[in-house]
Amino acid sequence: MQRLVYILFLGLLATSISAQQYKKHTLTKGKLAIDLSQGILNIIPLTDKSIRVQYEIGNTKEVQEFVFINKPNLPSFAFKEDATSLKLITKAIIVAFDKKTGVLQYSDKSGKVFLSEKANSRLMKPSTIMGEPCFVAELAFESPQDEYLFGLGQFQDGFYNLKNSTRKLIQVNSQIAIPFLVSNKGYGLLWHQYGLTYFNPSNQNIALSKNDTKEGEKREAEVTTTTGTQRVSQQQAVYSGSFSVAKDGEYSVMLDLGDMDSRHLVIIDDIDVINQSNLWLPPAVSKLVQLKAGEHTVKVVCKASNTPSLSLKLSNNETVFNSPNAKSLDYVVFAGKDTDEIIATYRNLTGNVPMLPKWAFGFWQCRERYTSGEHLVSTLKEFRKRNLPVDVIVQDWQYWGKYGWGVPKFDETHYPEPEKFIKEIHDLNAHFSVSVWENLNKESEIAKEYVSKNLFIKDSPWIDIYNPEAQKTHWNALDKNLFALGVDSWWMDATEPENDALRGKQTYFGLGDFYRLTYPLFVSKAVYEGQRNTNPDKRVAILIRSAFLGQQRYATINWSGDIGWDWDAYKRQIVAGLNYNLTGMPYWTTDIGGFFRPGKGQYTDEKYHEILTRWFQWGAFNPIFRIHGYQTETEPWKYGEKVENNMRTMMNLRYQLMPYIYSEAWQISKNNSTLMRSLIMDFNDDTTAVSQAYQYMFGKAFLIAPVTAPDVTNWNVYLPKQNAWYDFWTGKKFEGGQTIATPAPLDKIPVFVKEGSIVPMGNVVQSTQTKQDELEIRVYTGKDASFSLYNDEGDNYNYEKGEHIEITMTWNEKNQSLTIGNQIGNYKDQIDTYTMNIKWITGNQNDTVAKSIKYSGKKVVIKK
């Protein structure tokens, strides 16, 4: 029997190899087409620094182009052929095709290889899904031992470096699948598929048998569902099995439960290797574990309604993508001197990032939930009374009341005359965001138009947002019932759509299985384009629970979904956010304090207050600063004076840093920068820095090291090499390339500033609508520095017409002089004169403001 299996394997291998045999090639203006035994391999230069590869068999091809909306001029390229290879050469990349093996290899101009396909790994296996033809598309890339990989979106598995990890890329609550990687080897890799994809799929299945249900446990909990708050039984089951591995090594253990769950528990040899609990958890999770050769026992605990599958993969220095419902094999390679350059090329092809309104960078007050218009207004008044800065207050679900589930209309019973309470919010110098769902009650009056136009996905509660008519109809409903009343921004919830609802459904574009990652992209498109067409003078801001490639072009902010509240959940959000931002999506946040919280005891429990305080400190250095909680009064004063005071300190600091933050946001839109910066972005040559999972840069100046453990008074912080660093709180100077223990009392988060930085800080204000015309300009000396101070009208698109200002500040270390250049540009109601208080930070703890000037737009040089 083993011999027969071996013969069959050899036959399949021979077929795979022969399928890649080179026959001939055709060179045209825009691509190199290579005829292989079974299909056509197209090599298409998109730009000097990006190459698209498409492997197609027969006439099957994805006709929809969702991601690459911009068509730059075709780059010039050279072509070379010899007896063994074909080479396509742009200004930055050399792509070499090996005629014998069919492998593609990518090099820089010096000939240094930065990425290579793995021999005999390009696979297009014919398949079907619900009777429709498709392929299983798979490809592996070589991954050197010292490679670090980041990206793939937002996951709750805790992985920072994704090398050798296994993931199931689907969209579910708290998980966002974006098939885009960046490597410390100087490349980005976009796997261009719209359906289910496996990353490093496991290949050894483990048989499991269900134990007597008495071994399980039964409990009930109140949870949020798409039909309201319900008490859902969470009866759990225990599964057992055994397996063997042939050699010692690192293995990826993959648990797939098929549906959302409340428990991820895998026990191997009586040791829990995966152990996570929350009312919602993604269906699949993996962990890298060390296993000895031989037999092992395993147990899995999950909900009795789910059927677990467990599998293994030996780590073997490869990066594999597998899409079981593909129409072709399609990927794009990006090259760059750093990740900023890689992400810039990606965004230039898929859509650049518009400016969010300035108020979006202030504090967002959110809870589940405010119960009336009066409740919203009175809460804001209390914020103002207590001098707690705030810019946005958010109305969560169920404001629709009598109108039925998901209907975008205020029930007048508790929200009478909504335009009046929204005006009161505006009069309090705040903005109003409201929750919107795409599965509105079909029996409602508003849904009649959707139903009559057949705009719902058949046999589904979700609208077919892919249909242009559905996008138009949906926006019109939001406009008439919400936007026209003064709503400022949108909270698009459950846009995965929830519960992987496209499987087996027919959509406007075809079978949903082919497009199950892309629904949030079209929700964002509908709202962004709808609002800009309706009122082009008001910036769009969309808080949304899911995302896909290219979505950054629609002014979206993502948050990490319905997460738990403990230290482990908090730590997982940090790495989730860093990897998410490395997919080119710059705006992200979490539910500060967790969505599911520890009940009524949270208001007096000092242990919870500690984690809430630490989370809040970190939240102040997130791109978007927002609190939220399930069935929770999240206002700062609800937790007592100590917590409130600590929160106020961080809120004040956030608003003081607004000139810096808003200027860095402009760099995102202007130069494709990123605000929340994994250390690979600025210190790729420092392997210790690259490996730091819980530190990052906030803009180009600040190093943030959030405290992620209880009972801490000191915290270890790694300071990257080739720079000196200043403690933000004390001004004390430290050399880089070392780990230091820094004081971390409960009221402070460790923050350091890189030498050679200029940081503008404003006054403490209660909202972004108050002008900050007095600035403290902190110059962190030691190296030359520059900063471009940016400002505009804050909430329209006039900046796209050039109506904004930039003021370039340059520090010359040798001459010990600060040059503040001429103001470039103008805008309506701009600040005519800034008071600038210059402070030199030198490491002397007696540093004080040394110079004060009035700046009215003309160049000035200030000597230290």
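Bear in mind the structure is a predicted one, so any value in this text is a computation, not a measurement.
Under the rule for a ring-ring contact (aromatic ring centres under 6.0 Å, His included), the partners of Y587 that lie at least two apart in sequence or sit in another chain are F361. Evaluation of the side-chain hydrogen bond (donor to acceptor under 3.5 Å, both in side chains) rule for D272 yields N275 as partners, not counting sequence neighbours. Partners of A569 under the side chain to side chain contact (heavy atoms under 4.5 Å, CB included) rule, at least two apart in sequence or in another chain, are D566. Annotation: ring-ring contact (aromatic ring centres under 6.0 Å, His included) contacts of Y55 (sequence neighbours excluded): none. With sequence neighbours left out, the side chain to side chain contact (heavy atoms under 4.5 Å, CB included) criterion links I94 to K87, I89, S107. The side-chain hydrogen bond (donor to acceptor under 3.5 Å, both in side chains) search around Q175 returns none, not counting sequence neighbours. Contacts of Y22 classified as side-chain hydrogen bond (donor to acceptor under 3.5 Å, both in side chains), with partners at least two apart in sequence or in another chain: H25. Scanning for ring-ring contact (aromatic ring centres under 6.0 Å, His included) contacts around F159 gives an empty result, with sequence neighbours left out. Under the side chain to side chain contact (heavy atoms under 4.5 Å, CB included) criterion, L314 pairs with K247, Y251, not counting sequence neighbours. Looking at residues two or more places apart in sequence or on another chain, you find a ring-ring contact (aromatic ring centres under 6.0 Å, His included) between F522 and F66, Y466, F509.
Checking side-chain atoms of N558 against main-chain N and O of I544 turns up a donor-acceptor pair under 3.5 Å. A donor-acceptor pair is defined here as one N or O able to donate and one able to accept, closer than 3.5 Å; such a pair exists between the side chain of D98 and the backbone of T101. A distance-only check finds a donor-acceptor pair linking the side chain of D513 to the backbone of G504 [under 3.5 Å]. Remark: the backbone N or O of G561 is not paired with any side-chain donor or acceptor of R545 at under 3.5 angstrom. Of the possible donor and acceptor atoms, one in the side chain of Q171 sits under 3.5 Å from a partner among the backbone N and O of A547. For T128 (side chain) and G131 (main-chain N/O), no donor-acceptor pair under 3.5 Å exists by modelled atom type. With N184 contributing its side chain and E147 its backbone, the two residues share no donor-acceptor pair below 3.5 Å. Counting only distance, with no hydrogens or angles, the side chain of R572 and the backbone of D157 share a donor-acceptor pair below 3.5 Å. Judged by distance alone, with hydrogens and angles left aside, the side-chain atoms of T674 form no donor-acceptor pair with the main-chain N or O of M676 at under 3.5 Å. A donor-acceptor contact shorter than 3.5 Å is absent between the side chain of Q20 and the backbone of Q38.
Between T166 and P201, the closest heavy-atom pair is CG2-CA, 4.3 Å. Contact between Y519 and T495 at its shortest, heavy atoms only, is CD2-O, 3.5 Å. Taking all atoms of both residues into account, the shortest heavy-atom contact from K505 to S460 is CE-CB, 4.5 Å. Taking each heavy atom of N581 and P586 in turn, the nearest pair found is OD1-O, 3.2 Å.
When side chains are defined from C-beta on, R122 counts as touching L41, because their heavy atoms get closer than 4.5 Å. With a 4.5 Å cut-off on side-chain heavy atoms, T90 and L88 count as touching. For the pair L312 and V245, the minimum side-chain heavy-atom distance is below 4.5 Å. With contacts defined as side-chain heavy-atom distances shorter than 4.5 Å, the pair M260/N173 qualifies. Contact check for L196 versus P324: side-chain heavy atoms found under the 4.5 Å cut-off. Here the side chains of S209 and Y239 are not in contact, with every heavy-atom distance at 4.5 Å or above. Here the side chains of D256 and P308 are not in contact, with every heavy-atom distance at 4.5 Å or above. Residues P283 and I170 meet the side-chain proximity criterion, which asks for heavy atoms closer than 4.5 Å.
N322 and E138 share a side-chain donor-acceptor pair at under 3.5 Å. Q573 and Y580 share no side-chain donor-acceptor pair at under 3.5 Å. Side-chain polar atoms of K163 and S143 form a donor-acceptor pair below 3.5 angstrom. For the residue pair S315/E250, the side-chain donor-acceptor check at 3.5 Å is satisfied.
Under a cut-off of 6.0 angstrom, the local environment of NZ in K23 is sparse, with at most 12 non-hydrogen atoms contributed by other residues, nucleotides or ligands. A 6.0 Å sphere centred on NZ of K185 holds more than 12 heavy atoms belonging to other residues, nucleotides or ligands. Annotation: K31, atom NZ; neighbour count of heavy atoms from other residues, nucleotides and ligands within 6.0 Å does not exceed 12.
Side-chain rings of Y515 and F548 stay apart, their centers remaining 6.0 Å or farther from each other. Aromatic pair F321/F199: ring centres closer than 6.0 Å.
M124 CE to S323 OG: the interatomic distance, rounded to the nearest 0.5 Å, is 10.5 Å. Of the inter-residue distances, the one linking D459 atom CG with I457 atom CD1 reads 10.5 Å to the nearest 0.5 angstrom.
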Q: Output, in order, the C-alpha distance, side-chain angles, deciding distance and verdict of side-chain contact (heavy atoms from CB on, under 4.5 Å) for V332 and F68.
A: CA-CA 11 Å; V332 181; F68 298 104; 3.5 Å; yes
Q | side chain to side chain donor-acceptor pair (under 3.5 Å) evaluation trace for E498 with W462 | A | CA-CA 9 Å; E498 195 166 64; W462 301 92; over 6 Å; no
(Q) Quick one, D464 with K458, criterion salt bridge (Lys or Arg N to Asp or Glu O under 4.0 Å). Give me CA distance, side-chain angles, the key distance, then yes/no. (A) CA-CA 9 Å; D464 191 348; K458 186 179 180 182; over 6 Å; no
Q: Might you work through the ring-ring contact (aromatic ring centres under 6.0 Å, His included) test for F514 and Y194, ending with a clear yes or no?
A: CA-CA 6 Å; F514 292 122; Y194 303 150; over 10 Å; no
Q) For K61 and E56, what are the C-alpha separation, side-chain angles and deciding distance, and is it a salt bridge (Lys or Arg N to Asp or Glu O under 4.0 Å)? A) CA-CA 7 Å; K61 182 179 180 180; E56 300 167 358; 3.7 Å; yes
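Contacts classified as side chain to side chain donor-acceptor pair (under 3.5 Å) and involving residues 284-296 (residues at least two apart or in different chains) are given here: D269-H296. Pairs engaging residues 43-52 under the side chain to side chain donor-acceptor pair (under 3.5 Å) rule: T47-S50, K49-E341, R52-E65, R52-H192, R52-D330 [sequence neighbours left out].
Among the candidates L582, V182, T339, the single residue satisfying the side chain to side chain contact (heavy atoms under 4.5 Å, CB included) test with S678 is L582.
A salt bridge between K313 and E318 is present, with a side-chain N of the basic residue lying under 4.0 Å from a carboxylate O of the acidic one. The pair K571-D568 fails the salt-bridge criterion, with no side-chain N (NZ, NE, NH1 or NH2) lying under 4.0 Å from an Asp/Glu carboxylate O.
Judged by the 6.0 Å and 45° rule, R167 forms a cation-pi pair with F155.
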